Amino acid sequence: MTDEHPPLIHAERSRRAVRILAIRRLLIEKDVVTTDELDDIIVRARARTPADGAKVVARAWLDRAFRERLLGDARTAVADLGYQLSHDAELAVVENTVDVHHLVVCTLCSCYPTSLLGPPPDWYKSFAYRQRAVVEPRAVLREFGLELADDVRVRVVDSTADVRYLVLPRRPAGSEGLGEDALAQLVTRDSMIGVAEARSRDRV
Amino acid sequence: MPAVHDRGGLPTDEPIDRSDHQWEDWEHVTNALVGMLRRRGLINVDELRRGIEAMVPAEYESSGYYGRWSASIETLLVEKGILTEAEIDAVAAEMDSEWG
């Protein structure tokens, strides 16, 4: 990604794409930013996955004291595992139980715990999800293939620039005896947003 | 009437499209520029958000996610006197002609 070969793949060149690339060129010329640092951020952003979030969940399933700390003060708890949140917003972890299922949305924009989950999926940023999740969460969950029993309470939590939510999904039945790495394999991105449950062991 | 960014509860029958698009390079650049400008202390997240929320509703709705970020970055850099619209216009026109 250099100035000699302008980064415009996928052909569709929108006005906004051209404007931001012009801004990039100007900021480099004025020494406000450097290509090396920009490229470094791009490489690191591309490498981010939900794997860190999955490890946090797996630890919480195994370690009761950690789970309590995670639910009480998530920033400090994940820091103990070596994960520093790159955002100023607080992280709040909400626990799914037999009685309550949590679903995370950001109605105002797309606030998301990227430090632990990587970039959000497109649907999380879509108007349809942002608009519908708070008024018809069960219908939304059904679209994702999750049918909850009538007696399970659905609690929708709305992330903001100040608080970002992560769901601690229920530990799947049949996962007894698994170690932390194996458990982490059961934890999907969608289960940490709340549109799915963690995978059962036989579906890994 | 809520502001355009306040989407919660706005009626729609639209199903949720679960397909993910591959980020185009300009989207990566937009994301990285926000990261760097934050690191330099030149913009913060609340300013970025304010720039997005100040968009003309029709533009907000048609811009797409990183299009909105891109618009806000431009607004903030011009407001802060780091770049001018005229400079951006000139380089954008140059790029348009370079790339045909």
Side-chain angles (χ1 to χ4, degrees), chain A residues 1 6-27 29-30 32-34 37-42 44-46 86-89 105-110 119-123 125-135 140 143-144 156 158 161 195, chain B residues 3 5-37 39-40 42 44-46 49 52-53 61 63-71 73-74 77 82-83 87-96 98-99:
Chain A
M1 203 168 288
L8 269 188
I9 53 167
H10 298 289
E12 193 165 330
R13 196 168 76 205
S14 68
R15 176 174 172 275
R16 290 266 40 112
V18 176
R19 302 290 290 181
I20 202 66
L21 293 172
I23 287 169
R24 171 182 178 273
R25 185 183 283 184
L26 283 163
L27 291 176
E29 280 171 12
K30 290 172 188 282
V32 177
V33 304
T34 66
E37 277 181 282
L38 284 174
D39 289 350
D40 179 59
I41 293 178
I42 290 170
R44 281 190 288 115
R46 280 194 161 124
S86 64
H87 41 80
D88 299 328
V105 63
C106 174
T107 60
L108 295 176
C109 40
S110 58
D122 285 344
W123 57 258
K125 304 185 275 192
S126 70
F127 289 151
Y129 184 73
R130 288 166 58 189
Q131 293 174 205
R132 293 179 53 207
V134 286
V135 283
V140 168
E143 270 183 54
F144 279 86
V156 181
D158 196 353
V195 293
Chain B
H5 67 277
D6 188 359
R7 307 306 293 193
L10 287 183
T12 177
D13 296 327
E14 206 184 314
I16 293 159
D17 177 358
R18 291 165 65 189
S19 60
D20 249 325
H21 86 295
Q22 182 147 16
W23 286 19
E24 294 180 23
D25 281 359
W26 73 270
E27 297 177 293
H28 277 291
V29 167
T30 305
N31 185 56
L33 278 174
V34 165
M36 276 217 63
L37 293 169
R39 201 184 278 178
R40 296 277 192 270
L42 294 172
N44 67 40
V45 168
D46 294 321
R49 190 162 55 82
I52 292 170
E53 293 171 5
E61 294 194 332
S63 288
Y65 183 71
Y66 281 108
R68 294 194 281 275
W69 280 37
S70 154
I73 292 171
E74 180 171 334
L77 290 173
I82 297 167
L83 299 179
E87 286 178 307
I88 302 169
D89 289 346
V91 175
E94 202 182 301
M95 287 178 149
D96 263 332
E98 277 171 29
W99 303 335

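Every value quoted in this text rests on a predicted model; they were computed, and no experiment measured them. Here is the naming used below: chain letters follow the sequence lines, and residue numbers restart at 1 for every chain.
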Seminar exercise, completed: For B:Ala92 and A:Ala22 the tightest heavy-atom approach is N-CB, 3.7 Å
Seminar exercise, completed: d(A:Arg132 CZ, B:Ile16 CD1) to nearest 0.5 Å is 4.5 Å
Exercise. Once you round to the nearest 0.5 Å, how far does OH of B:Tyr65 lie from OG of A:Ser126?
Worked result: 12.5 Å
Problem set entry | Residues A:Arg15, B:Glu74: salt bridge by 4.0 Å N-O rule | no
Problem set entry | With sequence neighbours excluded, residues passing side chain to side chain donor-acceptor pair (under 3.5 Å) with B:Thr30 | none
For this session: Could you tell me whether a side-chain N or O of A:Arg130 sits under 3.5 Å from a main-chain N or O of B:His5, the two making a donor and an acceptor?
Result: yes
Problem set entry | Interatomic distance, B:Asp6 atom CG to A:Cys109 atom SG [nearest 0.5 angstrom] | 10.5 Å
Seminar exercise, completed: When every non-hydrogen atom of B:Ala32 is compared with those of A:Ile42, the smallest separation belongs to CB-CG1, 3.6 Å
For this session: Please report the shortest heavy-atom distance between A:Arg24 and B:Val29, naming the atom on each side.
Result: CD-CG1, 3.5 Å
For this session: Tell me, please, which residues at least two apart from A:Asp122 pass side-chain contact (heavy atoms from CB on, under 4.5 Å).
Result: A:Lys125, B:Asp20, B:His21
For this session: With a 4.5 angstrom heavy-atom cut-off, could you sort out which part of B:Leu37 is near chain A: side chain, backbone, both or neither?
Result: side chain
Exercise. Side chain, backbone, both or neither: which part of B:Arg40 has a non-hydrogen atom closer than 4.5 Å to chain A?
Worked result: side chain
Exercise. Measuring from A:Arg16:CZ to B:Trp69:CH2, what's the distance to the nearest 0.5 Å?
Worked result: 14.0 Å
For this session: Examine distances only and state if a side-chain atom of A:Gln131 and a backbone atom of B:Gly8 form a donor-acceptor pair shorter than 3.5 Å.
Result: no
Exercise. Which region of B:Asp89, side chain (C-beta onward) or backbone (N, CA, C, O), has a non-hydrogen atom less than 4.5 Å from a non-hydrogen atom of chain A, or is it both or neither?
Worked result: both
For this session: Using a cut-off of under 4.5 Å on heavy-atom pairs, state which of B:Leu83, B:Asp17, B:Val45 scores highest against chain A.
Result: B:Leu83
For this session: Report yes if some heavy atom in the side chain of B:Leu77 is under 4.5 Å from a heavy atom in the side chain of A:Leu27; otherwise report no.
Result: yes
Exercise. Under a 4.5 Å heavy-atom cutoff, which of B:Ser63, B:Ala71, B:Pro11 has the most pairs with chain A?
Worked result: B:Ala71
Exercise. Considering only heavy atoms from C-beta outward, does the side chain of A:Pro119 approach that of B:Trp23 to under 4.5 Å?
Worked result: yes
Problem set entry | Value rounded to 0.5 Å, distance of CD in A:Glu29 from CD in B:Glu87 | 8.5 Å
For this session: Below 4.5 Å from any heavy atom of chain B, which atoms of A:Val32 appear? Answer side chain, backbone, both or neither.
Result: both
Exercise. For the candidates A:Val105, A:Leu108, A:Thr34, A:Val134, which exhibits the highest count of non-hydrogen atom pairs separated by less than 4.5 Å from chain B?
Worked result: A:Leu108
Seminar exercise, completed: In short, B:Ser70 meets A:Ile20 closest at the heavy-atom pair OG-CB, 3.7 Å
Seminar exercise, completed: Cut-off 4.5 Å, heavy atoms of chain A, and the answer for B:Pro15 is both
Exercise. So does B:Glu94 pair up with A:Arg25, basic N to acidic O under 4.0 Å?
Worked result: yes
Exercise. Do A:Thr107 and B:Arg7 have a side chain donor and acceptor closer than 3.5 Å?
Worked result: no
Exercise. Checking B:Arg18 side chain against A:Glu143 main chain: does a donor-acceptor pair fall under 3.5 Å?
Worked result: yes
Seminar exercise, completed: Here the pair of heavy atoms bringing B:Met36 nearest to A:Ile41 is CG-CD1, 3.3 Å
